[in-house]
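A note on names: the letters A, B, ... follow the listed sequences, proteins ahead of strands, and every chain is numbered from 1.
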There are 2 protein chains.
Amino acid sequence: MPGVTRNTRQRGEVVALLGELNEFRSAQQLHADLRQRGVGVGLTTVYRTLQTLVDAGEIDVMRLPNGEQLYRRCSPTHHHHLVCRHCARTVEVAGPTVETWTKRVADEHGFTDVGHTLEIFGTCAQCAAGAQRKE
Amino acid sequence: MPGVTRNTRQRGEVVALLGELNEFRSAQQLHADLRQRGVGVGLTTVYRTLQTLVDAGEIDVMRLPNGEQLYRRCSPTHHHHLVCRHCARTVEVAGPTVETWTKRVADEHGFTDVGHTLEIFGTCAQCAAGAQRKE
DNA sequence: ATGGATGCAAATATTTTGCATTTTG
DNA sequence: CAAAATGCAAAATATTTGCATCCAT
């Protein structure tokens with residue numbers, strides 16, 4: 001079992017990139033981004049680093065309806081995402097209402113140790129205005 | 001483009017099985033179930049049939065945190081699922097609260113054409129009592 | 001020096017697709 | 001009979017793992 005987490009160049013590159021970006025990216029995208037800027041990092045390492053960061057709670061994972069996993073540096077507190085289907089613009093939203101509701105529903109049915117996943121998808125104002133579908 | 005949807009034996013088998021079962025199953029599981037009862041259906045066909053049914057809104061798809069896709073015949077109205085992590089027992093829950101909340105949040109941020117995904121995971125009373133982890 | 005980290009290639013796992021054949025309407 | 005559906009094998013995706021080597025501490 002990994003006792004400590006060492007500071008390697010690759011790890012630094014991944015963390016740095018996530019720090020700059022403010023949108024969800026797949027492991028593959030992040031890997032491509034890095035290579036494009038001339039940074040040598042293996043895809044395997046990107047995957048492993050992201051996994052480590054997720055476990056440490058330093059980044060967020062989200063899964064699109066199509067199954068792709070996207071990663072992003074987010075605020076450490078529990079929250080959900082409102083994502084634009086077209087431009088991928090993302091808004092973090094705190095959801096005390098949802099938290100309370102899920103907890104209550106779970107209680108009513110005798111469920112404990114509850115957790116949940118929630119993502120909201122829609123079209124942001126910009127994209128709606130431009131009505132520019134790029135599909 | 002497929003104009004109509006024909007009635008084939010295989011399609012009937014899949015629909016029938018989904019009709020009996022009342023829990024989420026993966027395409028692979030459904031395929032195995034069918035073969036086990038001596039019904040000859042190709043895995044490809046199972047996938048294609050499920051896809052068709054989903055498009056027609058006749059069945060529900062859910063994705064576990066691990067990414068597996070599960071299918072189930074559900075009530076036609078919009079709802080969410082409360083799923084036991086251990087025994088996979090599933091409860092359908094209507095979520096007017098959530099619907100309203102997501103709509104409001106989206107509005108506040110100028111998002112339109114909104115949709116969302118929500119799944120609740122926990123430990124059901126039975127499993128909590130038995131404390132039987134079968135992992 | 002020593003155990004975690006890396007990265008290549010290969011293995012997994014899941015879902016999709018090409019295409020010849022069968023079946024439904 | 002024509003179009004749709006089937007099913008096998010192969011392809012496409014995405015992520016994980018074996019293992020020899022490298023490097024941070």
Side-chain angles (χ1 to χ4, degrees), chain A residues 1-18 24-56 58-72 88 117 119 135, chain B residues 1-18 24-56 58-72 88 117 119 135:
Chain A
M1 63 204 86
V4 295
T5 303
R6 291 184 179 172
N7 253 30
T8 63
R9 176 181 61 77
Q10 292 85 337
R11 180 186 205 68
E13 304 281 20
V14 173
V15 173
L17 180 55
L18 286 169
F24 279 99
R25 289 301 242 280
S26 69
Q28 310 259 3
Q29 285 179 307
L30 291 169
H31 178 240
D33 286 355
L34 288 173
R35 308 212 96 199
Q36 198 158 49
R37 62 169 66 179
V39 176
V41 182
L43 175 58
T44 307
T45 300
V46 173
Y47 270 109
R48 279 194 281 231
T49 302
L50 289 172
Q51 189 52 59
T52 303
L53 291 171
V54 170
D55 291 345
E58 290 178 43
I59 62 175
D60 245 30
V61 209
M62 174 181 87
R63 203 180 284 270
L64 293 177
N66 84 19
E68 273 188 296
Q69 285 193 83
L70 306 182
Y71 304 82
R72 182 190 173 194
T117 62
E119 303 296 346
E135 185 179 346
Chain B
M1 64 202 88
V4 296
T5 303
R6 291 181 180 175
N7 253 28
T8 64
R9 177 182 60 77
Q10 293 86 335
R11 179 186 205 69
E13 303 282 20
V14 173
V15 173
L17 179 55
L18 285 169
F24 279 99
R25 288 302 241 282
S26 68
Q28 311 258 2
Q29 284 180 307
L30 291 169
H31 177 240
D33 286 355
L34 288 173
R35 309 212 95 200
Q36 198 159 50
R37 62 169 66 179
V39 176
V41 182
L43 176 58
T44 307
T45 300
V46 173
Y47 271 108
R48 278 193 281 231
T49 302
L50 289 173
Q51 188 52 59
T52 304
L53 292 171
V54 170
D55 291 344
E58 287 179 44
I59 62 175
D60 245 29
V61 209
M62 176 182 84
R63 200 181 286 271
L64 293 178
N66 85 20
E68 273 188 298
Q69 284 192 83
L70 307 181
Y71 304 83
R72 183 189 173 194
T117 62
E119 303 296 346
E135 186 176 345

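Under the salt bridge (Lys or Arg N to Asp or Glu O under 4.0 Å) criterion, B/R25 pairs with B/E23, B/D33, sequence neighbours left out. In this view, A/E58 satisfies the side chain to side chain donor-acceptor pair (under 3.5 Å) rule with no residue, not counting sequence neighbours. Scanning for side chain to side chain donor-acceptor pair (under 3.5 Å) contacts around B/D55 gives B/Q51, with sequence neighbours left out. Every residue was checked against the salt bridge (Lys or Arg N to Asp or Glu O under 4.0 Å) condition with B/R6, not counting sequence neighbours, and none meets it. Under the salt bridge (Lys or Arg N to Asp or Glu O under 4.0 Å) criterion, B/E119 pairs with no residue, sequence neighbours left out. For A/F24, the ring pair (Phe, Tyr, Trp, His ring centres under 6.0 Å) partners at least two apart in sequence or on another chain are A/H81.
A/R63 is not listed as a side-chain neighbour of A/T117, based on a closest heavy-atom distance of 4.5 Å or more. No side-chain heavy atom of B/L50 sits less than 4.5 Å from a side-chain heavy atom of B/V61.
A/L64 places its CG atom 16 Å from the P atom of D/dT13, with the value rounded to the nearest Å. If you take CG of A/L70 and P of D/dA14, they are 11 Å apart, rounded to a whole angstrom. In this entry the distance linking NE2 of A/H31 with P of D/dT16 reads 15 Å, nearest Å. At whole-Å resolution of the value, CZ in A/R25 and P in D/dA14 are 15 Å apart.
At C/dG7, one or more side-chain N or O atoms of A/Q10 fall inside 4.0 Å of OP1 or OP2 (strictly under the cut-off).
Each end of the helix from C/dA1-D/dT25 to C/dG25-D/dC1 gets its own rotation axis from five pairs of C1' atoms, and the angle between them is 30° to the nearest 10 degrees.
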Expected rows: protein N/O vs nucleotides 14-16 of chain C N/O, under 3.5 Å:
from, atom 1, to, atom 2, distance (Å)
C/dT15, OP2, B/Y47, OH, 2.3
C/dT15, O5', B/Y47, OH, 3.4

Look for any protein N or O under 3.5 Å of an N or O in nucleotides 23-25 of chain D and output each such pair with its distance, or none.
from, atom 1, to, atom 2, distance (Å)
D/dA24, N3, A/R6, NH1, 3.4

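A/Y47 and A/A27 make their closest contact through CE2-CB, 3.5 Å (heavy atoms, listed as atom of the first residue, atom of the second, distance).
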Hey, can you pull the donor-acceptor pairs under 3.5 Å for the side chains in residues 34-46 of chain A, sequence neighbours left out?
from, atom 1, to, atom 2, distance (Å)
A/R37, NH1, A/E20, OE2, 3.1
A/R37, NH2, A/E20, OE1, 3.3

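Rounded to the nearest 0.5 Å, atoms OH (B/Y71) and CG (B/L17) are 14.0 Å apart.
As judged by a 4.0 angstrom heavy-atom cut-off over every strand, A/G40 is placed among residues touching the sugar-phosphate backbone only.
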